[in-house]
Amino acid sequence: MTTDNNPWLRAKRQLDKVSKQIPIPPLLLAELSEPHRIVTVSLPVKMDNGEIKVFEGYRVQHNNILGPYKGGLRFHPNVSMDEVRALAFWMSMKCSVVDIPMGGGKGGITVNPKELSENELKRLSKLFANRLAPVIGPTIDVPAPDVNTNPQIMSWMVEEYAKVVGKKTLAVLTGKPLNNGGSQGRTEATGLGGSYVLLETLKKLKKNPKGMTVAVQGFGNVGYYVAEFLEKAGMKIVAVSDSKEGIYVEDGLSPKTTLACKQKKGMLSGCYCVGSVCDVKKGRKITNDELLELDVDILVPAALENVITDKNAANIKAKIVLEMANGPVTDSADSILKKNNVLVIPDILANSGGVCTSYYEWYQNMHHEKWAKKEVFTKLKGQLERVTDEVLAVQKKYAVTMRDAAYILALKRITNMYKRTKRM
Ligand code: NAD
């Protein structure tokens, strides 16, 4: 890993940069430079064949000045501590910029869950909840799903947590199934939130979204919904991709029909679906690299980190990049995009619809409320439009990129709370 794409070094550079633009008390800066706490747990699990395997799990609690630590749990064979520390830092920034009373955390288990049976996964998840129980809780740390974790795993963990503390406590985790304390709208929230942020930015720039062309890298949960909601706003989705391939449809594809076609065929290739009709003559296959360099108005990286680098940044033709994935643009690529007048809408704002709705789930659990989907979406729209306006105002005031503006705003909110609670 290079210093350009090492996520923790990137996070530290960002903090360092903002500390030169706004006054941050030295003690707070030192506090934000490292996580508050890193918990490592040992997880011995009896496999179905009787063998015992010991897994390692961890939880990084970066900062809780604004509220309980909040962030996902990922189950993956090669997650590194640098990555998790950075993701926890970014959660502190994301919760702050989007103005929810939560701090930043992240965690996971070094495991390939695809190699486990359902019962093994259940035992592992429950043991993890058991070990984390002393350091999590509705007012302490509220984990959520992330890569390879899902509502079912959250349900198992809630069950185990209840056993340890002696009462059912739904608000200890978010991203739960609807029938077990989950929130309406969570599935769509990240993609929908990205569309609200983009549309509000375009409104402030006095640009009409109708007919704008969009390429989306990644056709998973986030990529699909952002494409779907941008199409509804009148944009033309000309390209989407998954880990295997991409497709280009000049007339603009229908995300809904394309998804149905992909699910039926098992691949994107050939799913050139305009309206309700898929026709192999309507489009062509492209690579993920080609997708990034298409001549479109909006480019949406919605798959992985570090996909726009110093190698391809100069070839990006889109004038706006909406970062739906976490960390898709490296630092050196960011400088090239800035020089080329490409507006990058930063991840901590663009994809914050997910954590916003997780907060709504926590809030509903804490207050024994159940909101309708329409209510969730109305709140999300209002919140994301407001914070987008705030970020754009900071951008104007400091004459910086939208990314720097988002960090300035996030760190200002944390600094204000720090001063108010007299932690200095
Ligand atoms: P997902 O697993 O549902 O979808 C990921 C998509 O990326 C899939 O279509 C997959 O095929 C594609 N992909 C994988 N490797 C690829 C590659 N090498 N090239 C191109 N495409 C590739 O995941 P998701 O929930 O949609 O998350 C996508 C991104 O958004 C991640 O960076 C995630 O951290 C971020 N994010 C997700 C949420 C959320 O609520 N799901 C919230 C904030 C940020």
Side-chain angles (χ1 to χ4, degrees), residues 7-8 11-12 31-45 53-96 100-113 116 121-165 169-176 326-327 354-355 358-359 361-362 365:
W8 179 239
K12 297 263 259 194
E31 178 176 337
L32 293 167
S33 298
E34 291 296 332
H36 279 175
R37 186 191 282 153
I38 296 177
V39 179
T40 308
V41 295
S42 174
L43 306 165
V45 175
K53 274 197 184 167
V54 184
F55 299 91
E56 190 169 89
Y58 38 82
R59 181 74 182 163
V60 175
Q61 296 175 332
H62 175 260
N63 196 275
N64 66 350
I65 287 175
L66 294 179
Y69 306 101
K70 180 99 199 77
L73 296 172
R74 73 177 43 176
F75 288 4
H76 200 274
N78 49 5
V79 276
S80 71
M81 192 41 87
D82 268 0
E83 184 180 55
V84 179
R85 276 199 299 182
L87 288 164
F89 168 83
W90 282 324
M91 284 308 295
S92 296
M93 299 301 114
K94 197 181 291 188
C95 292
S96 179
I100 58 173
M102 294 276 175
K106 205 81 186 185
I109 302 177
T110 312
V111 60
N112 183 355
L116 302 184
L121 185 62
K122 184 174 179 179
R123 287 197 288 276
L124 179 64
S125 305
K126 285 193 154 209
L127 186 59
F128 193 31
N130 184 291
R131 295 289 193 269
L132 288 184
V135 294
I136 62 173
T139 57
I140 303 168
D141 182 355
V142 186
D146 194 70
V147 176
N148 291 335
T149 49
N150 55 34
Q152 173 62 74
I153 292 175
M154 296 304 112
S155 256
W156 290 331
M157 293 183 76
V158 164
E159 218 173 273
E160 182 64 24
Y161 182 80
K163 247 194 227 162
V164 178
V165 301
T169 315
L170 289 172
V172 65
L173 289 147
T174 59
K176 301 178 292 292
N326 286 313
V355 76
S358 278
Y359 164 64
E361 178 177 333
W362 175 85
N365 296 157

Minimum-distance pair of heavy atoms, taken over all atoms of [X] and [Y]:
| X | Y | value |
| --- | --- | --- |
| Leu170 | Lys176 | O-NZ, 3.0 Å |
| Pro143 | Ile136 | CG-CG2, 4.1 Å |
| Gln61 | Val135 | NE2-O, 3.0 Å |
| Gly103 | Cys95 | O-SG, 3.5 Å |
| Thr174 | Val142 | CG2-CG1, 4.0 Å |
| Pro113 | Leu121 | CB-CD1, 4.0 Å |

Check whether [X] reaches the backbone of [Y] with its side chain - one donor and one acceptor, N or O, closer than 3.5 Å.
| X | Y | answer |
| --- | --- | --- |
| Thr169 | Val172 | no |
| Asn64 | Gly67 | no |
| Glu361 | Gly175 | yes |
| Trp362 | Pro138 | yes |
| Ser125 | Met157 | no |

Looking at residues at least two apart in the chain, or sitting in another chain, which of them share a side chain to side chain donor-acceptor pair (under 3.5 Å) with [X]?
| X | value |
| --- | --- |
| Trp90 | Tyr407 |
| Ser155 | Asn180 |
| Lys122 | none |

Sequence-distant partners of [X], ring-ring contact (aromatic ring centres under 6.0 Å, His included), two or more places apart:
| X | value |
| --- | --- |
| Phe128 | none |
| Phe89 | His62 |
| Tyr161 | none |

What distance do [X] atom [atom1] and [Y] atom [atom2] have between them, rounded to the nearest 0.5 Å?
| X | Y | atom1 | atom2 | value |
| --- | --- | --- | --- | --- |
| Ile65 | His36 | CD1 | NE2 | 6.0 Å |
| Ile153 | Asn148 | CD1 | CG | 8.0 Å |
| Trp156 | Leu124 | CH2 | CG | 10.0 Å |
| Leu43 | Ile109 | CG | CD1 | 5.0 Å |
| Ser92 | Leu87 | OG | CG | 11.0 Å |

Please, which pairs that meet salt bridge (Lys or Arg N to Asp or Glu O under 4.0 Å) have at least one residue in residues 84-95, sequence neighbours excluded?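 As it turns out, the salt bridge (Lys or Arg N to Asp or Glu O under 4.0 Å) pairs with a partner in residues 84-95, which skip direct neighbours, are Glu34-Arg85, Asp82-Arg85.
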Salt bridge (Lys or Arg N to Asp or Glu O under 4.0 Å) pairs, two or more places apart, involving residues 134-158: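 Listed by first then second residue: Arg59-Asp141, Arg74-Asp146, Lys106-Asp146.
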I'd like to check the side chain to side chain contact (heavy atoms under 4.5 Å, CB included) partners of Ser96; sequence neighbours left out, ordered by chain and number.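 For Ser96 the side chain to side chain contact (heavy atoms under 4.5 Å, CB included) partners, ignoring immediate neighbours, are Leu66, Ala410, Arg413, Ile414.
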Side chain to side chain contact (heavy atoms under 4.5 Å, CB included) partners of Ser33, counting only residues at least two apart: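 Ser33 satisfies side chain to side chain contact (heavy atoms under 4.5 Å, CB included) with Lys12, Leu15 only.
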Any side-chain heavy-atom pair of [X] and [Y] under 4.5 Å:
| X | Y | answer |
| --- | --- | --- |
| Tyr58 | Met81 | yes |
| Pro134 | Val164 | no |
| Pro101 | Tyr359 | yes |
| Pro35 | Val60 | yes |

Can you run down the side chain to side chain donor-acceptor pair (under 3.5 Å) pairs that involve residues 129-140, sequence neighbours left out, and say none if there aren't any?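 Non-adjacent pairs meeting side chain to side chain donor-acceptor pair (under 3.5 Å): Asn130-Glu160.
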Take Phe55 and Val45 through the side chain to side chain contact (heavy atoms under 4.5 Å, CB included) test and state the conclusion after the steps. CA-CA 8 Å; Phe55 299 91; Val45 175; 4.2 Å; yes
Please evaluate residues Met154 and Thr149 with respect to the criterion side chain to side chain contact (heavy atoms under 4.5 Å, CB included), reporting the C-alpha separation (whole Å), side-chain torsions for both, the decisive distance (0.1 Å), and the verdict. CA-CA 8 Å; Met154 296 304 112; Thr149 49; 4.2 Å; yes
From CA spacing to verdict: side chain to side chain contact (heavy atoms under 4.5 Å, CB included), Leu116, Phe75: CA-CA 11 Å; Leu116 302 184; Phe75 288 4; over 6 Å; no
Taking salt bridge (Lys or Arg N to Asp or Glu O under 4.0 Å) as the definition, give me every residue that meets it alongside Lys70, ordered by chain and number, with sequence neighbours left out.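 Once residues adjacent in sequence are excluded, Lys70 has no partner under the salt bridge (Lys or Arg N to Asp or Glu O under 4.0 Å) criterion.
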